[in-house]
Participant: 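The structure under discussion is supplied below as structure tokens; questions concerning it will follow.
Values below: all heavy atoms of this structure, side chains included; hydrogens, waters and symmetry mates excluded. Proteins get letters first, then strands, A, B, ... in listed order; numbering begins at 1 in each. Everything numeric here is computed off the predicted structure, so don't read it as measured data.
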Amino acid sequence: MPELPEVETVRAGLQGLLPGRVFGAVEHNWERSFPNAPSDVKQFLIGASVTAVRRRAKVLMIDLSTDYTLVIHLKMTGQLVFVTEGARFGAGHPSDSLVGNLPDRSTRVEFSFTDGSHLFFNDQRKFGWVRLLPTPEVPNIDFMKKVGPEPLESDLTDEMFIARLQRRKNTSIKAAILDQTVIAGIGNIYADESLWGAKIHPATLVKDVPKAKLKTLLTEIRYVLNLSIEKGGSSDRNYVNAEGKKGSYLQFARVFRREGQACPRCGAIIIKTRVAGRGTHLCPKEQKL
DNA sequence: CACTTGACCTGTCCGC
DNA sequence: TGCGGACAGGTCAAGT
């Protein structure tokens with residue numbers, strides 16, 4: 001799923017809903033979704049209150065009063081949906097939702113708070129995970145050690161972005177920006193959208209993209225990520241925010257899932273192809289190899 | 001080291 | 001209607 005804008009939307013939602021709530025119980029039905037030792041869960045989660053909800057790259061962090069943190073990766077189909085007591089098994093969710101009554105068959109973990117509210121970790125494909133770690137250890141997990149800079153942080157300069165891309169100079173520009181160790185948070189949707197914005201064919205080797213275009217690419221990455229955050233993210237199949245609602249970015253997408261339609265800039269027909277092992281959408285007239 | 005491919009899973013869609 | 005295969009928003013480990 002979830003790329004940076006979707007994870008950020010979930011983070012913002014949870015930040016408004018969770019702080020102060022106290023964990024009362026946890027249930028899970030798929031070991032790999034929450035592989036923590038039961039003794040750790042009992043000692044450091046049950047009875048702890050939420051202090052803050054953070055994000056780094058596509059990873060969410062729910063900080064606890066015990067100086068432990070729930071670290072969560074939604075991968076392709078993960079959802080984190082908060083419901084008050086009445087909504088559990090209850091009236092379901094509004095029409096702008098992909099979630100019905102919870103728990104459902106995609107529910108992997110159910111967190112219950114002492115005030116009767118619940119947080120559901122749903123994950124149809126079971127790729128996602130939740131881990132409970134001491135807060136100071138979170139930056140030391142492999143992913144955090146290797147992940148690249150946040151694209152929306154102003155301390156990432158054009159020069160830094162270009163220099164990091166050069167590490168992957170013999171691969172396609174699309175593979176390079178999807179590489180989380182080069183830059184954080186970009187996935188298939190925003191890769192296609194930003195490459196269209198910068199008029200770069202996704203299969204172009206990094207070394208063959210002029211520096212001026214790489215600079216433009218960073219501008220376009222920031223544009224699409226910010227626009228998507230504003231629209232609440234992209235809901236293609238599974239993604240919903242912390243309240244179970246869909247995001248609307250795909251209504252504004254220029255190429256993603258728009259094969260067969262006219263390019264909004266030049267009118268040529270958008271095509272779908274395959275680059276870096278991923279479905280790839282582009283304008284064949286403006287994005288040439 | 002850089003790069004590509006398959007694996008991890010379930011569900012849906014498309015062609016026969 | 002059933003069945004096989006491809007594909008789906010993301011990482012990882014293993015291969016070359």
Participant: In whole angstrom, what separates A:N238's CG from C:dG9's P?
Facilitator: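 Those two atoms, CG and P, are 11 Å apart.
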Participant: Under 3.5 Å, is there a donor-acceptor pair linking the side chains of A:K174 and A:N188?
Facilitator: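 Yes, a side-chain donor-acceptor pair sits under 3.5 Å.
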Participant: Is the closest side-chain donor-acceptor distance between A:T135 and A:D67 under 3.5 Å?
Facilitator: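 No, A:D67 and A:T135 have no side-chain donor paired with an acceptor closer than 3.5 Å.
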Participant: Assess whether salt bridge (Lys or Arg N to Asp or Glu O under 4.0 Å) is satisfied between A:R55 and A:E150, documenting all intermediate values.
Facilitator: CA-CA 10 Å; A:R55 178 191 62 77; A:E150 288 289 320; 3.0 Å; yes
Participant: Heavy atoms under 4.0 Å, any strand shown: does A:G128 hit a base, just sugar-phosphate, or nothing?
Facilitator: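 Nothing, no nucleic acid heavy atom in range.
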Participant: If the threshold is 4.0 Å, N to carboxylate O, is there a salt bridge linking A:D179 and A:R168?
Facilitator: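 Judged by the 4.0 Å cut-off on N to carboxylate O distance, A:D179 and A:R168 do form a salt bridge.
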Participant: Using salt bridge (Lys or Arg N to Asp or Glu O under 4.0 Å), reason through A:R254 and A:D192 one step at a time and then give a plain yes or no.
Facilitator: CA-CA 9 Å; A:R254 289 82 49 93; A:D192 284 4; over 6 Å; no
Participant: Would you measure the distance from the C1' atom in B:dC3 across to the matching atom in C:dG9 and give it in whole Å?
Facilitator: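 These two C1' atoms come out 23 Å apart once rounded.
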Participant: Under 4.0 Å between any heavy atoms, over every strand shown, what does A:K272 touch: base, sugar-phosphate, or nothing? Just pick one.
Facilitator: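 Sugar-phosphate only.
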Participant: At under 4.0 Å, does any side-chain N or O of A:K75 touch on OP1 or OP2 of C:dG9?
Facilitator: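 For C:dG9, OP1/OP2 do not have a side-chain N/O of A:K75 under 4.0 Å.
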Participant: Could you tell me the separation between the CZ atom of A:F143 and the P atom of C:dT11, rounded to a whole number of Å?
Facilitator: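 Taking atom P of C:dT11 as the reference, CZ of A:F143 is at 5 Å.
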Participant: Give the dot-bracket line for DNA chain C from 5' end to 3' end: parentheses for intra-strand Watson-Crick or G-U pairs under 3.5 Å, square brackets for crossings, | for inter-strand pairing, dots for unpaired.
Facilitator: .|||||||.|||||||
Participant: Can you confirm whether A:H118 sits close enough to A:F113 that some side-chain heavy atom of one is under 4.5 Å from a side-chain heavy atom of the other?
Facilitator: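 No; the side chains remain at least 4.5 Å from each other.
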Participant: Taking the inter-plane angle between the rings of A:H73 and A:W129 on a 0 to 90° scale, is it parallel (under 30°), tilted (30 to 60°) or perpendicular (over 60°)?
Facilitator: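 Geometry flag for A:W129 against A:H73: tilted rings.
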Participant: If I take atom NZ in residue A:K126 and atom P in nucleotide C:dG9, what distance separates them, rounded to the nearest angstrom?
Facilitator: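 After rounding, the gap between these two atoms is 21 Å.
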Participant: Are A:Y249 and A:E193 linked by a side-chain donor-acceptor pair shorter than 3.5 Å?
Facilitator: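 Judged by distance alone, the side chains do pair up.
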Participant: Go through the steps to decide whether A:D115 and A:R21 satisfy the test salt bridge (Lys or Arg N to Asp or Glu O under 4.0 Å), and finish with yes or no.
Facilitator: CA-CA 7 Å; A:D115 64 359; A:R21 296 189 200 269; 2.5 Å; yes
Participant: How close or far is atom P of C:dG10 from atom CZ of A:R125, stated in whole angstroms?
Facilitator: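 Rounding to the nearest Å, CZ of A:R125 and P of C:dG10 are 10 Å apart.
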Participant: Across the strands shown, which category fits A:Y190 at heavy-atom distances under 4.0 angstrom: base, sugar-phosphate, nothing?
Facilitator: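 Counting heavy atoms under 4.0 Å across all strands, no contact is made by A:Y190.
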Participant: Send over the distance from A:F127 CZ to C:dA8 P, rounded to a whole Å.
Facilitator: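 Taking atom P of C:dA8 as the reference, CZ of A:F127 is at 13 Å.
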Participant: Between A:T77 and A:Y239, do the side chains contain a donor N or O and an acceptor N or O under 3.5 Å apart?
Facilitator: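 A:Y239 vs A:T77: no donor-acceptor pair found between side chains.
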Participant: Distance check, C1' atoms only: C:dA6 and B:dG6, in whole angstrom units.
Facilitator: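 Nearest-Å result for C:dA6 against B:dG6 at atom C1': 15 Å.
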Participant: Can you tell me how far P of C:dG9 sits from CG of A:L250, to the nearest Å?
Facilitator: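 Going from A:L250 (CG) to C:dG9 (P), I get 11 Å.
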Participant: Which is true for A:S234 with a 4.0 Å heavy-atom rule: it touches a base, it touches only sugar-phosphate, or it touches nothing?
Facilitator: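 Base contact.
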Participant: Atom CG of A:N170 and atom C1' of C:dT16: how far apart are they, to the nearest Å?
Facilitator: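 These atoms are roughly 15 Å apart.
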Participant: Write down the distance between NE2 (A:H73) and P (C:dG10), rounded to a whole number of angstrom.
Facilitator: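 To the nearest whole Å, that distance equals 9 Å.
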Participant: May I ask whether A:Y239 stacks on the base of C:dG9, given the cut-offs of 5.5 Å between ring centres and 30° between planes?
Facilitator: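 Taking the rule of under 5.5 Å and under 30°, the ring of A:Y239 does not stack on C:dG9.
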Participant: Give the first and the last nucleotide of DNA chain B, reading 5' to 3', that has any atom under 4.0 Å from a heavy atom of chain A.
Facilitator: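 So the outermost contacting nucleotides come out as B:dA2 to B:dG11.
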